[in-house]
Structure formats: structure tokens, C-alpha cells
Novice: 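Before I ask anything, let me first share the structure, which is written out below as C-alpha cells.
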Amino acid sequence: MFHPIQWMLLGALGTLFLFFFIFYLTKRDENYNLFFALGCLVTVVRIIAYSHMAAPDQTSVFFRVNVAVNHLSFIWGPFLYIITADSLFPVIQNRIGIRIMFGIAVLISVFILFVPMELIYYGAAYDYIIAAFILYAEAIYVLALKHRLPFSVPVFIGNLVFISGVIHDVLLGSHIISGSQGELFMYAYLVYAAIMAAVLAHRYMQSDKKRLEAQLKFLHAQIQPHFLYNTLGTISAYCQSSPKTANELLEYLSTYLRGKFRGESDQFVCLNDEIELVKAYLTIEQARFKERIAVDYDIEDGCNVLIPSLILQPLVENAVKHGLLPRREGGKIRIRVHRQGGAVKITVGDDGFGMDKKTRADVLEGRGKGIGIGNTKERLKRYYGTQLDIRSAPGEGCEVSMLIPQTGGETK
């Protein structure tokens with residue numbers, strides 16, 4: 001049976017492992033989340049193995065396996081500790097140190113697995129290896145602090161707590177000091193893990209925010225050159241046949257460009273402004289493709305809520321490019337804005353080409369041809385906790401809808 005404190009440690013570190021392993025799965029380019037999660041897992045394994053070290057039958061297979069697992073965790077835990085620091089603050093560019101320590105960890109692991117434990121005493125070797133690992137990690141944290149890297153201060157403090165616990169246990173095991181509280185490694189690691197968890201979670205949120213902002217900047221800047229060339233060509237053609245129409249198209253193009261070049265700091269706009277941008281775009285496309293594009297607006301009064309900038313226009317552009325234009329006869333775009341409970345439901349539909357289940361899933365995940373669909377989905381979930389709903393089937397058109405909560409977002 002575990003001591004209540006051990007249960008607490010197992011629960012806390014197990015939760016951190018699951019939490020940051022999921023973080024890594026959602027964003028695989030941030031390896032420090034994986035290394036930290038695995039470090040928590042190795043510590044959980046060590047706690048479990050260490051609690052069974054006093055088995056009555058020390059010749060049993062269970063005892064030998066348990067001892068081997070305990071020794072392996074004693075080696076790979078500190079190594080994961082190092083590469084977590086290295087991936088979080090890559091201030092030491094020379095990778096030779098990491099490779100040497102990895103080789104040492106592999107070599108000792110081979111001895112643990114294949115050499116009878118009665119023939120080798122690991123204790124002193126562990127002390128030297130762990131000391132080297134800790135000094136390497138400490139050098140990384142000191143350099144991070146020197147360069148004033150983000151989050152270097154709290155991580156440095158957590159590292160000091162961890163080092164204090166390790167030094168205490170080494171001195172205790174060497175009988176240089178004595179204490180009734182026993183080993184402090186697991187408690188020091190829990191404090192370090194708590195600080196690291198707060199830092200990594202905050203860093204994840206910051207990187208997620210920056211990623212969405214970068215996607216929004218991309219949407220602001222995304223004006224297809226051929227669209228602009230074709231629009232100017234259409235306006236030029238109307239200059240002779242219908243100067244009035246040409247002038248109107250210039251005004252619509254101005255509205256469209258103003259909406260696309262709206263300040264990047266304007267993360268939210270009035271729904272009416274977004275509708276004006278959509279109307280400008282569709283009017284230009286209707287002038288180009290004539291009867292191949294028909295539009296039906298159904299907009300209820302009093303729905304002028306604040307919405308994320310450029311969240312509607314990409315849906316309309318997708319409907320035109322991937323829904324209607326692939327068909328020779330074209331089709332109709334339907335834009336519907338209605339109240340639904342305490343929210344405003346916005347729907348963009350078409351009776352065009354449609355898509356199958358796999359294509360629909362790819363578009364939602366940002367893997368398909370759709371422009372900004374993945375970004376729209378992410379921003380809806382981030383700001384409102386709502387989903388982007390797509391209903392479509394091959395040859396039956398497509399309907400994309402979203403819910404924007406009206407509470408606190410309505411404007412005049």
C-alpha cells in the first residue's frame with residue numbers, strides 16, 4: 001500500500017503527464033511538452049518501483065524486474081530533465097553534451113538490463129551521472145536567465161528547489177547529514193513540476209494566440225492576384241459599355257479592399273461591416289460571371305453583433321470558388337442571419353458541387369482547399385466555445401453555419 005503522500009504525488013504527476021502529453025499531441029513542434037510529460041511519467045514509475053523495494057523475496061523475478069525499473073528511472077529521469085531544459089531554452093547550441101549524456105544513459109541501461117545486479121554497484125555512478133546532468137541543466141537555466149529569456153526566472157527558481165532536494169538526498173544517503181523527514185527528491189520534483197506546468201501552460205496559450213494572430217494576418221493579406229487582375233479587367237470592359245456600372249464596381253472594389261486591409265488590431269467587427277464586405281465581393285463576382293452566380297440574402301433586423309474579423313467572407317469565397325464555379329451552370333449563394341435563442345445564427349449555403357464526408361473533415365481541419373475554414377473553426381471555439389457546422393453531400397451543395405452569442409456583443 002502507498003502512503004497518502006505517495007498517492008498525492010502519483011495523482012499530481014500522473015495528471016501532469018496526461019495534460020502535457022495531450023498538449024504535445026495537439027502541437028507537435030513544441031517538444032518540451034513531450035519531454036516534461038515523459039519526465040513526470042518516469043517519476044511516477046520511480047515512485048511505484050521504489051515503494052516495492054522492500055519485497056520479502058529478493059530472489060523473485062518481480063523483485064529483480066522492479067529493481068531494474070527503479071534503476072532505469074533513476075537514469076532516464078535526469079536525462080529527460082536535461083532535454084526538457086534544452087528544448088525550452090535552446091541557448092547552448094553545441095549538441096555534443098546532449099549526445100554524450102544520451103550515450104551514457106544508454107550504456108548504463110544496457111548494464112542494468114543484461115548484467116546481474118550482484119556484480120555491479122550503481123550507487124556512486126548514479127551520484128556522478130546525476131550531478132553531471134544537473135550541472136548541465138543548471139548551465140542552460142543560468143544562460144537563459146543571463147539572456148533574459150521569457151519565463152527564465154520562475155523556471156530557474158523551480159530548478160533551485162529541485163537541486164536542493166537532490167543535494168539533500170545525496171548528503172542523506174552518504175550519511176553526511178541526518179533527518180527524520182527522509183528523502184525530499186519527490187517533493188522537490190513536485191514543486192519543480194508545478195512551476196514548470198504553469199510556465200508551459202502559459203507558453204502554450206501564448207504560442208496558440210500568436211498562431212491565431214498570424215493566421216488572421218494571413219487572411220487580411222490574402223487577396224488572390226488573379227481576382228484583382230480579373231476585377232480590374234472587368235471594370236475596364238465596363239468603362240466603355242457602361243461607365244456607371246464601372247464606377248459602381250470601383251466602389252465595391254474599394255469596399256472589398258478596405259475590409260481586407262482593415263487594421264490587424266481589429267479582431268472584432270460589426271456583422272453589418274462584414275456583410276458589406278461580402279456584398280462587395282459577391283457583386284464583383286456577379287459582374288464577372290453574370291448569371292452563373294445568384295445571391296439570396298435573408299438578414300433579420302437587430303442582429304448586428306460583434307463578430308471576429310474576416311470570419312464570414314472566407315466562407316462565402318469558398319462557396320463561390322469550390323461550390324458554384326466548378327459547375328458550368330453555376331448556382332445560388334444563400335446568406336441567412338437570424339436570431340436563435342440568445343445567439344445569432346449565420347448560415348452560408350450554396351446549391352453547388354458539394355463534397356463527401358472525407359473532404360468535409362479535411363476542410364474542417366484545414367487540410368483541404370477551403371480558405372480560412374480551419375481558422376474560422378478555431379476562433380469560434382476560442383472566443384465562444386461554439387462549433388462550425390458543415391452539412392454537405394456530393395451534388396447537393398453545402399451549408400456552413402455558426403452561432404455567435406448575442407449577450408454582450410450586440411451593437412446598434
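In what follows, every heavy atom counts, from backbone to side chain, and hydrogens, waters and symmetry copies are set aside. By convention here, the first residue in the shown sequence is residue 1.
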Novice: In Å, rounded to the nearest 0.5 Å, how long is the span from CG of Leu184 to OH of Tyr187?
Specialist: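 It comes to 8.0 Å.
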Novice: Using modelled atom types only, decide if a donor and an acceptor are shared between the side chain of Ser254 and the backbone of Leu250 within a distance under 3.5 Å.
Specialist: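 Side chain of Ser254 to backbone of Leu250, a donor-acceptor pair under 3.5 Å: no, none is there.
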Novice: With the side chain counted from C-beta on, respond yes when Leu310 and Glu274 share a heavy-atom pair under 4.5 Å apart, and no when they do not.
Specialist: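 Yes; the side chains approach each other to less than 4.5 Å.
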Novice: For the backbone of Pro314 and the side chain of Asn318, can you confirm whether one donor and one acceptor N or O come within less than 3.5 Å of each other?
Specialist: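 Yes.
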Novice: Could you please spell out the steps behind the side chain to side chain donor-acceptor pair (under 3.5 Å) verdict for Tyr384 and Arg379?
Specialist: CA-CA 8 Å; Tyr384 309 115; Arg379 288 197 287 163; over 6 Å; no
Novice: Are any side-chain N or O atoms of Asn304 and backbone N or O atoms of Leu271, one a donor and one an acceptor, separated by less than 3.5 Å?
Specialist: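 Looks like yes, one N/O pair under 3.5 Å.
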Novice: Give me the atom names and distance for the closest heavy-atom approach of Glu276 to Thr255.
Specialist: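 For Glu276 versus Thr255, the nearest heavy atoms are O-CG2, 4.0 Å.
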Novice: Might you point out which heavy atoms bring Ile195 and Val155 nearest each other, and give the distance in Å?
Specialist: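 For Ile195 versus Val155, the nearest heavy atoms are CG2-N, 4.4 Å.
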Novice: How long is the gap from CZ on Phe289 to CG on Leu325, to the nearest 0.5 Å?
Specialist: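 Phe289 atom CZ to Leu325 atom CG measures 4.5 Å (nearest 0.5 Å).
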Novice: Give me the atom names and distance for the closest heavy-atom approach of Lys321 to Pro326.
Specialist: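 Looks like O-CD, 3.3 Å.
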Novice: Distance-only, no hydrogens or angles: does the Thr283 side chain make a donor-acceptor pair with backbone N or O of Lys279 under 3.5 Å?
Specialist: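 Confirmed, Thr283 side chain pairs with Lys279 backbone.
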Novice: So, for Ala201 and Phe23, which heavy atoms are closest and what is the spacing to 0.1 Å?
Specialist: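 Nearest pair, atom of Ala201 first, then Phe23: CA-CE2, 4.0 Å.
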Novice: Rounded to the nearest 0.5 Å, how far does CZ of Arg292 lie from CG of Leu324?
Specialist: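 Leu324 atom CG to Arg292 atom CZ measures 8.5 Å (nearest 0.5 Å).
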Novice: Could you go through the side-chain contact (heavy atoms from CB on, under 4.5 Å) check for Thr347 and Val400 one step at a time?
Specialist: CA-CA 6 Å; Thr347 303; Val400 184; over 6 Å; no
Novice: Indicate the atoms forming the closest heavy-atom contact of Val348 with Ala319, along with that distance.
Specialist: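 Minimum heavy-atom contact is CG1-CB, 4.4 Å.
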Novice: Are any side-chain N or O atoms of Ser392 and backbone N or O atoms of Met355, one a donor and one an acceptor, separated by less than 3.5 Å?
Specialist: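 Here the side-chain-to-backbone pair exists.
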Novice: In chain order, what residues pass the side chain to side chain donor-acceptor pair (under 3.5 Å) check against Arg46, with sequence neighbours excluded?
Specialist: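 Partners of Arg46 under the side chain to side chain donor-acceptor pair (under 3.5 Å) test: Asn70.
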Novice: Counting C-beta onward and ignoring hydrogens, is there a side-chain heavy-atom pair between Ile346 and Ser401 closer than 4.5 Å?
Specialist: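 No, their side chains stay 4.5 Å or more apart.
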Novice: Mind checking what makes side chain to side chain contact (heavy atoms under 4.5 Å, CB included) contact with Val45, not counting sequence neighbours?
Specialist: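 Expected list: Val69.
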Novice: Verify side-chain contact (heavy atoms from CB on, under 4.5 Å) between Gln313 and Tyr256, making sure each step is shown before the conclusion.
Specialist: CA-CA 10 Å; Gln313 192 271 339; Tyr256 174 81; 3.7 Å; yes
Novice: Does any part of the side chain of Thr84, heavy atoms only, come nearer than 4.5 Å to the side chain of Leu38, both counted from C-beta?
Specialist: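 No - every pair of side-chain heavy atoms lies 4.5 Å or more apart.
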Novice: Parallel under 30°, tilted from 30 to 60°, perpendicular over 60°: which one fits the rings of Phe162 and Tyr189?
Specialist: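 Correct class here is perpendicular.
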Novice: Rounded at 0.5 Å granularity, tell me how far CD1 in Ile140 sits from CD1 in Ile98.
Specialist: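 Here the rounded value is 5.5 Å.
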Novice: Quick one: side chain to side chain donor-acceptor pair (under 3.5 Å) partners of Tyr281, sequence neighbours excluded?
Specialist: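 Applying side chain to side chain donor-acceptor pair (under 3.5 Å) to Tyr281 gives Glu285.
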Novice: Who are the side chain to side chain donor-acceptor pair (under 3.5 Å) partners of Asp350, not counting sequence neighbours?
Specialist: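 Asp350 satisfies side chain to side chain donor-acceptor pair (under 3.5 Å) with no residue once adjacent residues are dropped.
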Novice: Which pair of heavy atoms, one from Ala85 and one from Ala137, lies closest together, and at what distance?
Specialist: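 Smallest heavy-atom distance, with atoms named: CB-CB, 4.5 Å.
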Novice: Under the side chain to side chain donor-acceptor pair (under 3.5 Å) rule, collect the residues that match up with Lys357, sequence neighbours excluded.
Specialist: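 Partners of Lys357 under the side chain to side chain donor-acceptor pair (under 3.5 Å) test: none.
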Novice: For Thr386 and Ile404: C-alpha separation, side-chain torsions, deciding distance, then whether side-chain contact (heavy atoms from CB on, under 4.5 Å) applies.
Specialist: CA-CA 8 Å; Thr386 59; Ile404 305 294; 5.8 Å; no
Novice: Residues two or more places apart in sequence or in another chain: which of them pass side chain to side chain contact (heavy atoms under 4.5 Å, CB included) with Ile104?
Specialist: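 Per chain and number, Ile104 pairs via side chain to side chain contact (heavy atoms under 4.5 Å, CB included) with Ile100, Ile108, Ile129.
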Novice: Let me confirm one number: the SG-CG distance from Cys398 to Asp351, rounded to the nearest 0.5 Å.
Specialist: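 Cys398 SG to Asp351 CG: 11.5 Å, rounded to 0.5 Å.
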Novice: Without swapping roles, check the side chain of Gln340 against the backbone of Lys345 for a donor-acceptor pair under 3.5 Å.
Specialist: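 Side chain of Gln340 to backbone of Lys345: no pair is present.
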Novice: Are the side chain of Gln406 and the backbone of Cys303 linked by a donor-acceptor contact shorter than 3.5 Å?
Specialist: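 Not at all, since once roles are kept as given, no pair shorter than 3.5 Å links the two residues.
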Novice: Are Asn66 and Ile48 close enough that some pair of their side-chain heavy atoms sits under 4.5 Å apart?
Specialist: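 SC-SC contact between Asn66 and Ile48 ruled out.
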Novice: Rounded to the nearest 0.5 Å, how far apart are CG of Leu80 and CG of Leu41?
Specialist: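 Leu80 CG to Leu41 CG: 9.0 Å, rounded to 0.5 Å.
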Novice: So does Phe89 have more than 12 non-hydrogen atoms from other groups sitting under 6.0 Å from CZ?
Specialist: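 Atom CZ in Phe89 is packed in, count exceeds 12.
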Novice: Which residues satisfy the salt bridge (Lys or Arg N to Asp or Glu O under 4.0 Å) test with Asp389, sequence neighbours excluded?
Specialist: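 Asp389: salt bridge (Lys or Arg N to Asp or Glu O under 4.0 Å) contacts with Arg391.
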Novice: Determine whether more than 12 heavy atoms belonging to other residues, nucleotides or ligands lie under 6.0 Å from atom OH of Tyr252.
Specialist: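 No, because the 6.0 Å sphere around OH of Tyr252 holds 12 heavy atoms or fewer from other groups.
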Novice: Output every pair passing salt bridge (Lys or Arg N to Asp or Glu O under 4.0 Å) with a member in residues 297-310, not counting sequence neighbours, ordered by first then second residue.
Specialist: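 Of all non-adjacent pairs touching residues 297-310, those that pass salt bridge (Lys or Arg N to Asp or Glu O under 4.0 Å) are Asp298-Arg336, Glu300-Arg339.
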Novice: Between the main-chain N or O of Arg334 and the side-chain N or O of Asp296, is there a donor-acceptor pair closer than 3.5 Å?
Specialist: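 Pair absent, no side-chain N/O of Asp296 close to backbone of Arg334.
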Novice: Got a sec, which pairs hit ring-ring contact (aromatic ring centres under 6.0 Å, His included) with one end in residues 138-160, sequence neighbours left out?
Specialist: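 ring-ring contact (aromatic ring centres under 6.0 Å, His included) check on residues 138-160 returns Phe151-His202.
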Novice: Any chance you could lay out the ring-ring contact (aromatic ring centres under 6.0 Å, His included) test for Phe268 and Tyr383, step after step, and finish with the verdict?
Specialist: CA-CA 11 Å; Phe268 291 86; Tyr383 296 138; 5.0 Å; yes
Novice: How would you list all residue pairs meeting salt bridge (Lys or Arg N to Asp or Glu O under 4.0 Å) that involve residues 138-149, not counting sequence neighbours?
Specialist: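 Passing the test, one end in residues 138-149: no pairs.
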Novice: Quick one, Arg288 and Ile293 - any side-chain contact, counting heavy atoms below 4.5 Å?
Specialist: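 Arg288 does not reach Ile293 side chain to side chain.
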Novice: Any chance you could lay out the side-chain contact (heavy atoms from CB on, under 4.5 Å) test for Leu253 and Leu249, step after step, and finish with the verdict?
Specialist: CA-CA 6 Å; Leu253 179 60; Leu249 289 176; over 6 Å; no
Novice: Going by the rule side chain to side chain contact (heavy atoms under 4.5 Å, CB included), which residues pair with Ile299 if we only count those two or more places apart in sequence or in a different chain?
Specialist: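 Counting only residues at least two positions away or on another chain, Ile299 forms a side chain to side chain contact (heavy atoms under 4.5 Å, CB included) with Ile275, Tyr297, Val337.
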Novice: Is there side-chain contact between Leu145 and Val153, with heavy atoms separated by less than 4.5 Å?
Specialist: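 A side-chain contact under 4.5 Å exists here.
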Novice: Parallel, tilted or perpendicular for Phe36 and Phe20, by the 30°/60° rule?
Specialist: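 It falls in the perpendicular class, over 60°.
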Novice: With sequence neighbours left out, what residues match Ser109 under side chain to side chain contact (heavy atoms under 4.5 Å, CB included)?
Specialist: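 Testing Ser109 for side chain to side chain contact (heavy atoms under 4.5 Å, CB included), a comparison that skips the adjacent residues, returns Leu72, Trp76.
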